[in-house]
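A short write-up of the structure that comes next.
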Amino acid sequence: WLSAIPAAQLPDPLRARQQFWLGMCADKLGDSDKANRIWERLTRQQPPGYYTWRAEVRRGSGSLPVLSGDSMASAAEAVSLNSGQTWSPLESGNPLIDQLWRLGLTQEAWETWRSEEDKTDRSPQKLLLEGRLRLGVHDHWTGLSRLWKASLRLISPACSTRFLLHSSLHPQPLLPVFLNASQQENVRLELLQAIARQESRFSPGVASPVGALGLLQLMPATAAEMAGERISADDLREPGRNAVLGARYLGDLLNLWQSNPWLTVASYNAGPGAAASWVSPELKQDPELWVERIPYPETRLYTKKVLGNLWAYLNRASTTARCTE
């Protein structure tokens, strides 16, 4: 069934998933050589994400660094504030827009593009262009949505397009805010970025239907517990305050689960009580199968998304250099 659709006909997110599980099937059937060949090809061709991480782990590498505690503080301090989004040409097809982008006049580039865009063109290339322009004017909520849609519509993209899209899908806005929270609470910077990307798409003012607020989507009661005092909605919409309290809560969860990333991330979404009821020997033996059996569909997807984000951010510096077909 996994082989029913040729890999070349699938967009990258589905292709990576298909290839990982083909390798898993081969491994479970006793053909470890075939499994390793599939997983090696997957990690070579696809940008860092959930399934490339799991493929690397299955091949004997892919270990995560320490995610919390004093032992990771020096790693956070080594992160440069200049390691944000790498600039690359826009290549919009309009010389004026490209020149504005090159000069750093992103607002002007965005407004010019909007005034001249073809409203009937919904191609993945246009979605990629729109997503990048929106990120340039700090509209991460809509920009990341457009980029994700582009990733699901691009079939066998050129290598340069694949990695440009991946880099754009993992921006680093508010880097000083996250770095400060990471250092203050001794929680890995990339984990905070991975959570924020999934929770709020880096939008400080966003609120969920159940009342979670801000960058790391904290419930007021949880935030008050972390702060030791009453916290207002305005406090939680302030990026620095939200990031610190969210990092503190993540630190508590990592301590509770002895730094197990699966249970920590699942707990952040569903609560530690629910996650505790899902613990089984399969979590250690086959965590990829364990996560697929999480009974809450939202948490099941959330856990894979956040851990994929984490691996992408941990390996972000290498994505621009990797371009192998």
Side-chain angles (χ1 to χ4, degrees), residues 5-20 38 40-53 55-56 83-102 104 106 109-110 112-114 116-173 193 197 201-202 305 308-309 311-325:
I5 302 176
Q9 296 180 17
L10 291 170
D12 279 353
L14 301 185
R15 185 175 184 170
R17 183 170 69 179
Q18 178 204 50
Q19 294 301 299
F20 172 78
I38 294 172
E40 189 278 331
R41 184 171 60 249
L42 168 60
T43 58
R44 177 167 41 86
Q45 292 181 341
Q46 295 290 326
Y50 175 74
Y51 290 106
T52 56
W53 170 48
E56 290 198 30
S83 63
Q85 188 78 7
T86 302
W87 185 89
S88 59
L90 190 62
E91 298 180 350
S92 68
N94 183 313
L96 174 58
I97 296 173
D98 289 347
Q99 183 178 22
L100 292 170
W101 179 265
R102 184 170 60 251
T106 53
W110 163 245
T112 303
W113 180 81
R114 285 192 68 189
E116 299 181 4
E117 67 170 310
D118 179 1
K119 302 296 193 298
T120 65
D121 182 2
R122 304 307 298 166
S123 66
Q125 290 76 14
K126 180 175 179 178
L127 288 170
L128 173 57
L129 176 60
E130 181 184 351
R132 295 183 66 205
L133 281 164
R134 285 184 179 273
L135 293 189
V137 295
H138 310 295
D139 179 8
H140 293 89
W141 181 264
T142 309
L144 288 172
S145 175
R146 296 291 190 271
L147 291 168
W148 176 246
K149 288 180 180 179
S151 75
L152 292 175
R153 297 183 186 182
L154 281 168
I155 307 297
S156 297
C159 188
S160 57
T161 302
R162 171 178 288 141
F163 284 91
L164 172 63
L165 177 56
H166 181 268
S167 177
S168 300
L169 276 165
H170 298 88
Q172 293 187 295
Q193 293 174 313
R197 185 190 179 282
R201 299 183 202 155
F202 302 108
K305 287 282 192 180
N309 292 344
W311 191 246
Y313 278 112
L314 286 168
N315 293 277
R316 191 175 182 279
S318 68
T319 59
T320 55
R322 287 178 56 190
C323 202
T324 304
E325 294 291 355

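As a basis for the values below, the full set of heavy atoms in this structure was taken, side chains included, without hydrogen atoms, waters or symmetry mates.
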So, does [X] use its side chain to make a donor-acceptor pair with the main chain of [Y] at under 3.5 Å?
{"X": "S168", "Y": "L164", "value": "yes"}
{"X": "H166", "Y": "P48", "value": "yes"}
{"X": "R15", "Y": "I155", "value": "no"}
{"X": "R201", "Y": "W141", "value": "yes"}
{"X": "Y313", "Y": "G308", "value": "no"}
{"X": "T52", "Y": "Q46", "value": "no"}
{"X": "Q19", "Y": "R41", "value": "no"}
{"X": "R134", "Y": "L147", "value": "no"}
{"X": "W101", "Y": "S88", "value": "yes"}
{"X": "D98", "Y": "S92", "value": "yes"}

* Can you label the angle between the F20 ring and the Y51 ring as parallel, tilted or perpendicular, going by 30° and 60°? => tilted

* Evaluate the criterion side-chain contact (heavy atoms from CB on, under 4.5 Å) for residue pair H170 and Q193; output intermediate values, then yes/no. => CA-CA 9 Å; H170 298 88; Q193 293 174 313; over 6 Å; no

* **Reported CD-to-CG distance for the pair Q99 and L90, which is rounded to 0.5 angstrom** => 12.5 Å

* Compare all side-chain heavy atoms of E91 with those of L129 and state whether any distance is below 4.5 angstrom. => no

* Tell me, do R17 and Y50 make a side-chain contact under 4.5 Å, heavy atoms counted? ->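 Counting from C-beta outward, R17 and Y50 never come under 4.5 Å.
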
Closest non-hydrogen atom pair between [X] and [Y], with its separation:
{"X": "T106", "Y": "G136", "value": "OG1-O, 3.0 Å"}
{"X": "F202", "Y": "P173", "value": "CG-CG, 3.4 Å"}
{"X": "S151", "Y": "P13", "value": "O-CD, 3.4 Å"}
{"X": "L165", "Y": "A150", "value": "CD2-C, 4.4 Å"}
{"X": "Q18", "Y": "A7", "value": "OE1-CB, 3.4 Å"}
{"X": "R316", "Y": "P171", "value": "NH2-CA, 4.5 Å"}

* Asked: Under the side-chain contact (heavy atoms from CB on, under 4.5 Å) criterion, do N94 and W113 qualify, and how do the steps go?
  -> CA-CA 8 Å; N94 183 313; W113 180 81; over 6 Å; no

* To do: Could you go through the side-chain hydrogen bond (donor to acceptor under 3.5 Å, both in side chains) check for S123 and D121 one step at a time?
  => CA-CA 6 Å; S123 66; D121 182 2; 2.9 Å; yes

* To do: Considering only NZ, NE, NH1 and NH2 on the basic side and carboxylate oxygens on the acidic side, decide whether E40 and R44 come within less than 4.0 Å.
  => yes

